[in-house]
Novice: 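Structure below; questions to follow.
Sequence lines set the chain letters: A, B, ... in the order given, protein chains first and strands last, and positions in each chain run from 1.
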Protein chains: 2
Amino acid sequence: MAQFNQTISVDCVIFGFDGEQLNVLLVDRTLTKEGQEIFSDLTLTGNHIYEDEELDNAAARILFDLTGVKDIYLEQFGVFASPERLNHPNDRQWLLANGRNPDSRIVSVAYFSLIATKEITLEWKGRNVKWYPVNSVGTLAFDHNQILSKALAALRNKLRSAPIGFALLPEKFTLSQLQKIYEIILGTELDKRNFRKKIARMKYLIPLNEKQKGVAHKPAQLYVFDRDIYEKSKTEMFDFSI
Amino acid sequence: MAQFNQTISVDCVIFGFDGEQLNVLLVDRTLTKEGQEIFSDLTLTGNHIYEDEELDNAAARILFDLTGVKDIYLEQFGVFASPERLNHPNDRQWLLANGRNPDSRIVSVAYFSLIATKEITLEWKGRNVKWYPVNSVGTLAFDHNQILSKALAALRNKLRSAPIGFALLPEKFTLSQLQKIYEIILGTELDKRNFRKKIARMKYLIPLNEKQKGVAHKPAQLYVFDRDIYEKSKTEMFDFSI
DNA sequence: ACAAAAGTGTTGCAGATACACCCATGG
DNA sequence: CCATGGGTGTATCTGCAACACTTTTGT
């Protein structure tokens with residue numbers, strides 16, 4: 001593999017869902033000097049790209065490096081390149097301590113991605129990453145709060161126009177889980193019956209002959225998403241509303 | 001102003017509407033050597049950014065340089081950074097002839113913008129730019145065909161979710177002109193009466209006490225778009241469809 | 001037996017579609 | 001007076017929202 005490109009980086013906003021909340025994967029950034037902690041805060045996951053690497057591949061690589069998972073939903077949603085984006089004192093100090101020039105400009109191409117929180121083990125390669133509920137994220141490094149909020153907006157938008165909710169769920173999921181995802185991301189309450197009527201119209205959500213087990217209530221039917229059927233139905237789905 | 005950043009450029013897909021067709025503004029790229037024309041093709045408008053310049057400002061600057069118009073609708077819709085995007089022979093030759101290194105990687109941040117074709121004079125600063133109907137654009141330089149088709153997709157999407165059609169029209173416009181824009185961009189035919197019913201619901205489209213002049217038929221009422229009313233109504237307009 | 005979530009139908013209303021004729025102007 | 005696009009209303013259909021009770025399991 002070639003070397004890193006010094007001016008282009010990719011940041012990934014990795015969303016996860018644990019059944020209750022929408023979470024983001026954040027990296028612990030602690031700067032120490034002679035054993036003393038100088039500061040400690042959090043960043044999104046990201047990295048520079050290799051000279052011969054496509055952006056999409058760089059994003060997938062970063063994701064794999066941190067989570068050990070491949071073939072994940074990934075979508076580019078913006079570029080962040082303000083000349084001031086590395087100007088905060090902590091950020092400059094951090095860059096200096098890592099042998100980088102805080103005055104050189106870095107464009108960051110931002111992706112968001114969706115995975116089921118439980119599907120991944122964060123012990124992978126001993127990275128210092130953790131899930132944080134999106135609602136309680138404090139001040140992040142660089143312009144990462146901006147990136148996160150734009151990612152949320154992009155996620156909401158996308159969720160309205162394409163069936164991506166189950167990317168946050170295990171392969172087999174229940175309709176209530178799916179409904180909860182819509183409710184949390186869109187910030188609404190949805191009617192159970194109306195929700196299920198819509199689902200019934202989506203031919204690519206396929207009920208299995210299989211039910212939940214070990215729950216202290218009527219076990220729910222499990223569903224899977226069929227990508228092939230979805231791709232076919234997409235061509236027919238035209239939305240001519242002005 | 002600082003100097004140019006060599007690795008970051010901004011490309012603008014400038015759409016115009018002439019009453020009949022959707023057009024793109026393209027730049028003539030003719031390479032000559034010792035008075036001999038070596039090749040001649042077309043590119044999108046674009047330029048490198050200045051070291052201390054925001055991306056949005058760079059896009060606005062490029063637009064102003066080429067058209068002499070300010071305060072234009074502009075929207076970022078993607079980044080193009082494939083390591084192979086400058087690899088075609090003509091492109092390499094062109095870069096070399098212009099003193100640039102064809103092997104260095106350039107990321108291009110792409111914007112699309114909307115203006116009324118007739119509002120601008122292309123003699124501005126003697127640039128070699130011209131309008132071309134989007135339907136009959138041939139092979140463009142670099143990856144500009146890719147950029148153009150993604151711009152069209154972004155435009156269609158945006159048009160469905162936000163009232164931006166009149167950005168392609170003069171300040172005062174008729175409803176038939178607006179309808180034609182929707183028809184051409186979305187590739188549909190729309191019913192005149194139903195279209196006007198939707199318009200009537202948009203309180204930010206304001207009928208003037210003024211009519212078309214010099215047309216050989218019943219003169220149409222002119223409308224303007226009121227940005228303030230739009231911004232207010234936006235907050236209420238929530239779309240909770242899943 | 002009880003707690004907890006799953007699952008299921010009907011009705012009213014609003015917004016979408018389909019459709020045809022008269023009007024004002026310039027030439 | 002003719003050609004051209006401007007402007008208008010109604011009937012039907014379809015999709016969305018609101019709403020409450022029975023079922024299955026684990027403890």
Novice: Roughly how many Å is it from CD in A/Q179 to C1' in C/dT8, rounded to a whole number?
Specialist: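 In whole Å, C/dT8 C1' lies 14 Å from A/Q179 CD.
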Novice: Within a reach of under 6.0 Å around CD of B/E54, are more than 12 heavy atoms found that belong to other residues, nucleotides or ligands?
Specialist: yes
Novice: With heavy atoms under 4.0 Å as the rule, sort A/S176 into base, sugar-phosphate or nothing.
Specialist: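 The answer is sugar-phosphate, as A/S176 gets under 4.0 Å only of primed atoms, P, OP1 or OP2.
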Novice: Whole angstroms only, please: what is the CD-C1' distance between A/Q212 and C/dA5?
Specialist: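 Interatomic distance, CD of A/Q212 to C1' of C/dA5: 9 Å.
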Novice: Once you measure the plane-to-plane angle for A/Y230 and A/F225, does it fall in the parallel (<30°), tilted (30-60°) or perpendicular (>60°) bin?
Specialist: tilted
Novice: Identify each atom pair where a protein N or O and an N or O of nucleotides 25-27 of chain C are less than 3.5 Å apart, giving names and distance.
Specialist:
| unit_1 | atom_1 | unit_2 | atom_2 | d |
| --- | --- | --- | --- | --- |
| C/dT25 | O2 | B/A216 | O | 3.3 |
| C/dT25 | O2 | B/H217 | N | 3.2 |

Novice: Provide the closest heavy-atom pair for B/A220 versus B/T174 in the form atom of the first, atom of the second, distance.
Specialist: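 Here B/A220 and B/T174 meet closest at CB-CG2, 3.7 Å.
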Novice: At under 4.0 Å, does any side-chain N or O of A/R196 touch on OP1 or OP2 of C/dG7?
Specialist: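 Indeed, a polar side-chain atom of A/R196 lies that close.
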Novice: Between the protein and nucleotides 11-13 of chain C, are there any N/O to N/O pairs under 3.5 Å, and if so, what are the atom names and distances?
Specialist:
none

Novice: Could you give the CG-to-P distance, from A/L190 to D/dG15, as a whole number of Å?
Specialist: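 Computing the A/L190:CG to D/dG15:P distance gives 19 Å.
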Novice: Does a distance-only test, which skips hydrogens and angles, find a donor-acceptor pair under 3.5 Å between the side chain of A/R193 and the base of D/dA20?
Specialist: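 In this structure, the two groups form a donor-acceptor pair.
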Novice: A/Y111 pairs by side chain to side chain contact (heavy atoms under 4.5 Å, CB included) with which of A/V13, A/I147, A/D11, A/D56?
Specialist: A/D56
Novice: How many Å lie between CZ on A/F173 and P on C/dA6, as a whole number?
Specialist: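 So the two atoms are 14 Å apart, to the nearest Å.
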Novice: Rounded to whole angstrom units, what separation is found between the CG atom of B/N194 and the C1' atom of D/dC13?
Specialist: 13 Å
Novice: Please confirm whether the backbone N or O of B/I229 pairs with a side-chain atom of B/D226, one donor and one acceptor, at under 3.5 Å?
Specialist: yes
Novice: Calculate the interatomic distance between A/L222 atom CG and C/dA6 atom C1'; express it in whole Å.
Specialist: 12 Å
Novice: Does the side chain of A/R201 get closer than 4.0 angstrom to OP1 or OP2 of D/dC16 through an N or O atom?
Specialist: yes
Novice: Just how far, in rounded Å, is P of C/dA20 from CG of B/D191?
Specialist: 11 Å
Novice: Using modelled atom types only, decide if a donor and an acceptor are shared between the side chain of B/Q212 and the backbone of B/L222 within a distance under 3.5 Å.
Specialist: no
Novice: Within the structure shown, what part of the strands sits under 4.0 Å from A/Q221 by heavy-atom distance: base, sugar-phosphate, or nothing?
Specialist: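 Sugar-phosphate, backbone atoms only, no base.
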Novice: Checking side chain to side chain contact (heavy atoms under 4.5 Å, CB included) between A/L140 and each of A/T43, A/L26, A/V27, A/V24, which is the one that passes?
Specialist: A/L26
Novice: Expressed in angstrom and rounded to an integer, what is the separation of B/K198 atom NZ from C/dA14 atom P?
Specialist: 18 Å
Novice: Roughly how far, to the nearest 0.5 Å, is the NZ atom of B/K180 from the CG atom of B/L175?
Specialist: 15.0 Å
Novice: So among B/L152, B/L114, B/I164, B/L168, which one has a side chain to side chain contact (heavy atoms under 4.5 Å, CB included) with B/I185?
Specialist: B/L168
